[in-house]
Amino acid sequence: MNRGDRGGKHYRVQYEEELNPQQLEVVMHPGGPMLALAGAGTGKTRTLVYRTCRLIEDGMPPSRIMLLTFTNKAAREMMSRVDDLVERGTSRVTGGTFHSAGHRILRRYAEMLGYSPRFSILDREDSTELMGAALADVSPEVPSRRMPRPRLLVNLYSFVINTGNDLEQVLTDRAPQFIDQGEVVAAVFKRYLERKRKADLMDFDDLLLNWLLLLTRFPRARQALREQFSHILVDEYQDTNRLQADIVDAMLGSARNVMVVGDDAQSIYAFRGADFENILGFPQRHPDCAVFRLETNYRSFPPILELANASIENNAKQFKKSLRPVRTGGGLPQEVAVPTPEVQAAHVSDELLALREEGFEFEDMAVLYRNHAHSLELQVELARRNIPFRIRSGLRFFEHRHVKDVLAHLRFIDNPRDEIAFARITKLRDGFGPRLAARVWERLGGADGLRRLLDLDPGTLDLPRAPLVSLSELKELATQLASPEQLGRPGESIRTVVDSFYRQWVRSHLENAGSRLEDLEQLALFADGYPDVNAFLAEVSLFNDLSGEDAVAGPPDEMLTLSTVHQAKGIEWRAVFVIWLAEGRFPSFRADDEEEERRLFYVAVTRARDRLFLVRPEIARDRYRIDTIVESSRFLQELPSEVRELVAIAEDHEPDGFDALPEGGRYRLPAFVDEANHDDDIN
């Protein structure tokens, strides 16, 4: 590699040739507080890598550089690129997530905090178990009022620690049903901390909390760390929480060499505790900071960037910037209005197949949405069309626990011999575990568990009080669900299950309760389109079998991506469909911050390189089976007409049916299958 010259200095890396002027200015800035505002697709990772190289080439020992990222993978990739550029080992650079950096530091200073250097780290399940023990310590007797479950307590504790928000406010926002038990919850949290210290344990939140305590309460450790690290670089700064931002500030020595890189327009994780004010208020916390803007976009065609710029311009709280394209050409993004959610799914499927004929691979395309439940109709339609897809959240809609819990009630009513469904619905209730559920099932006789349950006097089973009450409640719910009216209205059956007990169960046991309950209402709306419970469950079963992922022969990596916008951040595709762009869906009716919702829309549209489709239904069915007009998203209404092409889809789409299995064939039944199918119990 030829040497590069700049200001009399000779560099191995040719910075002026390999960076644009905005990136070069950041890389060559001497030091002090720096805020680099890196718009979507503007090369922020490249800028971080080259600045690290420049510091090393100027003689900064790698061991005195700390690079903080949000994934260890990102840190490894950056360090590998630095190695390739400067041909000098960077293994001594402290690179990684906040948690991994905190872990390494705390191993050295653990004794100051009352831990041994060999302390153990709790995973989520271990934390839940220890929180349960702390709850038992504080409330050893059976409580007179319902208490939060340990898993919910762990989630609440984590949010309090990471944000520094008042416990009462966190309970109000995230678990209002327990607002009057704030003192008890605080006592449990205190006991949880005491138990961890006594057992020489830290959880993941402690890796940050104790790092900050070390910096703020132990001057000797603070001074040593400030002397050790001369430069701190932070990636994705807009995603930091208050605790992480305070750690960064407390690590700075007298030179205050900190460079934070991020995009305020992509700050979308407030629900996880990310604090938008960290990046917006950085110049106020560091009045002498240098602010840089990276606005040259290498990703998208100009019309896509024009739309993104026009949208984010409507936010008042932001650093003003405008993405400028390097690429030329490209057609206008399409705003597509369709009659119904079902037609929306069919239209997107049609367009996906049409794009494939144009030369796009499924791997080049993605469908994005505000909430995972918004993909329900599309998942079913893709399965019908044999279009392979993956979901970035990991689970398909019908695989999520809360969906399976509710559907198990309908399965048992529809098939009274379904022991698996019966076990699942009983174990949701107080006092029931696997053994007691099996014992009750045996008592019901199995063959017609529903009829026997409806005729059962729970008092004859000699059960303890808690499972006796639970079984009585289950019998009452089953009686409702088995009525002809409910059997003919699967959507109402789902709502009956949720309203009877499951709403409170979700709030007490699972995180993201609001999102899960919204999923269940979307499930009910979807079920409203079926004539009865049996037809609905048959469709669900077929969908689970024909998931789309294995239905089409071809390369295993050629799959369409379905993703929430939150999960899609940091990724790009040639063609992107954003669906359900209607008021109440995107932005979400549960959202309090319109500007964060608009930032989410901005993230969605800037994922597209070549083609962008903004799709919305005009009519949706409410829970009373009434078709109502839904307004287009305000994020579409506020766009200038010249930045997108409006297309109306009026024709109806009839869903394709499943192909029938051919008769005959060469398959021969194994003997044990044949014997099982001639068992006397079956005949």
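Nothing here was measured: the structure is a model prediction, and the numbers come from that model. This chain uses plain numbering: 1 for the first residue, then up along the sequence.
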Using a strict 4.0 Å threshold on nitrogen-to-oxygen distance, state whether [X] and [Y] make a salt bridge.
{"X": "R495", "Y": "D528", "result": "yes"}
{"X": "R385", "Y": "D350", "result": "yes"}
{"X": "K569", "Y": "D239", "result": "yes"}

Indicate, with yes or no, if the rings of F422 and W441 have centres closer together than 6.0 Å. yes

Would a line drawn from the ring center of F501 to the ring center of H409 be shorter than 6.0 Å? yes

Could you verify whether a donor N or O on one side chain and an acceptor N or O on the other, from [X] and [Y], lie under 3.5 Å apart?
{"X": "E583", "Y": "S632", "value": "no"}
{"X": "R174", "Y": "N165", "value": "no"}
{"X": "D203", "Y": "Y192", "value": "yes"}
{"X": "D205", "Y": "S158", "value": "yes"}
{"X": "Q379", "Y": "S375", "value": "yes"}
{"X": "D519", "Y": "H400", "value": "no"}

Can you list the steps and then say if T496 with Q486 is a side chain to side chain donor-acceptor pair (under 3.5 Å)? CA-CA 9 Å; T496 297; Q486 293 270 312; 3.0 Å; yes

Flag yes if more than 12 heavy atoms outside [X] fall under 6.0 Å of its [atom1] atom; otherwise flag no.
{"X": "D592", "atom1": "CG", "result": "no"}
{"X": "R151", "atom1": "CZ", "result": "no"}
{"X": "E129", "atom1": "CD", "result": "no"}

How long is the straight-line distance from [atom2] of [Y] back to [atom1] of [X], given to the nearest 0.5 Å?
{"X": "D593", "Y": "L600", "atom1": "CG", "atom2": "CG", "answer": "11.0 Å"}
{"X": "F204", "Y": "I161", "atom1": "CZ", "atom2": "CD1", "answer": "15.5 Å"}
{"X": "L410", "Y": "N415", "atom1": "CG", "atom2": "CG", "answer": "12.5 Å"}
{"X": "L562", "Y": "M365", "atom1": "CG", "atom2": "CE", "answer": "11.5 Å"}

Within-4.5 Å side-chain heavy-atom neighbours: [X] and [Y]:
{"X": "V533", "Y": "I413", "answer": "no"}
{"X": "F398", "Y": "L523", "answer": "yes"}
{"X": "Y269", "Y": "N241", "answer": "no"}
{"X": "T564", "Y": "R370", "answer": "no"}
{"X": "V576", "Y": "V605", "answer": "no"}
{"X": "S633", "Y": "L614", "answer": "no"}

Once the angle between the rings of [X] and [Y] is folded into 0 to 90°, is it parallel (under 30°), tilted (30 to 60°) or perpendicular (over 60°)?
{"X": "W580", "Y": "H374", "value": "tilted"}
{"X": "Y157", "Y": "F189", "value": "perpendicular"}
{"X": "F526", "Y": "F536", "value": "perpendicular"}

Please check: side-chain N/O of [X] versus main-chain N/O of [Y], any donor-acceptor pairing under 3.5 Å?
{"X": "E597", "Y": "S588", "answer": "yes"}
{"X": "S483", "Y": "Q480", "answer": "yes"}
{"X": "H347", "Y": "V343", "answer": "no"}
{"X": "R616", "Y": "V336", "answer": "no"}

Using the rule given for side chain to side chain donor-acceptor pair (under 3.5 Å), can you reason through R149 versus N155, listing the C-alpha separation, both sets of side-chain angles and the distance that settles it, and then say yes or no? CA-CA 10 Å; R149 294 284 185 174; N155 294 332; over 6 Å; no

Kindly confirm or rule out a cation-pi arrangement of R429 over F432, judged by NZ or CZ under 6.0 Å from the six-membered ring centre and within 45° of its axis? no

From CA spacing to verdict: side chain to side chain donor-acceptor pair (under 3.5 Å), Y502, D405: CA-CA 9 Å; Y502 197 68; D405 284 347; 2.6 Å; yes

Run the side-chain contact (heavy atoms from CB on, under 4.5 Å) test on L153 and L135 for me, step by step, so that the C-alpha distance in whole Å, both residues' side-chain angles and the decisive distance to 0.1 Å come before the verdict. CA-CA 9 Å; L153 286 170; L135 176 60; 4.3 Å; yes

Full working for salt bridge (Lys or Arg N to Asp or Glu O under 4.0 Å) between E351 and R356: CA-CA 8 Å; E351 289 297 313; R356 194 162 185 255; over 6 Å; no

Audit row: E596, R599, salt bridge (Lys or Arg N to Asp or Glu O under 4.0 Å) steps and yes/no: CA-CA 5 Å; E596 177 162 315; R599 295 195 293 269; 3.6 Å; yes

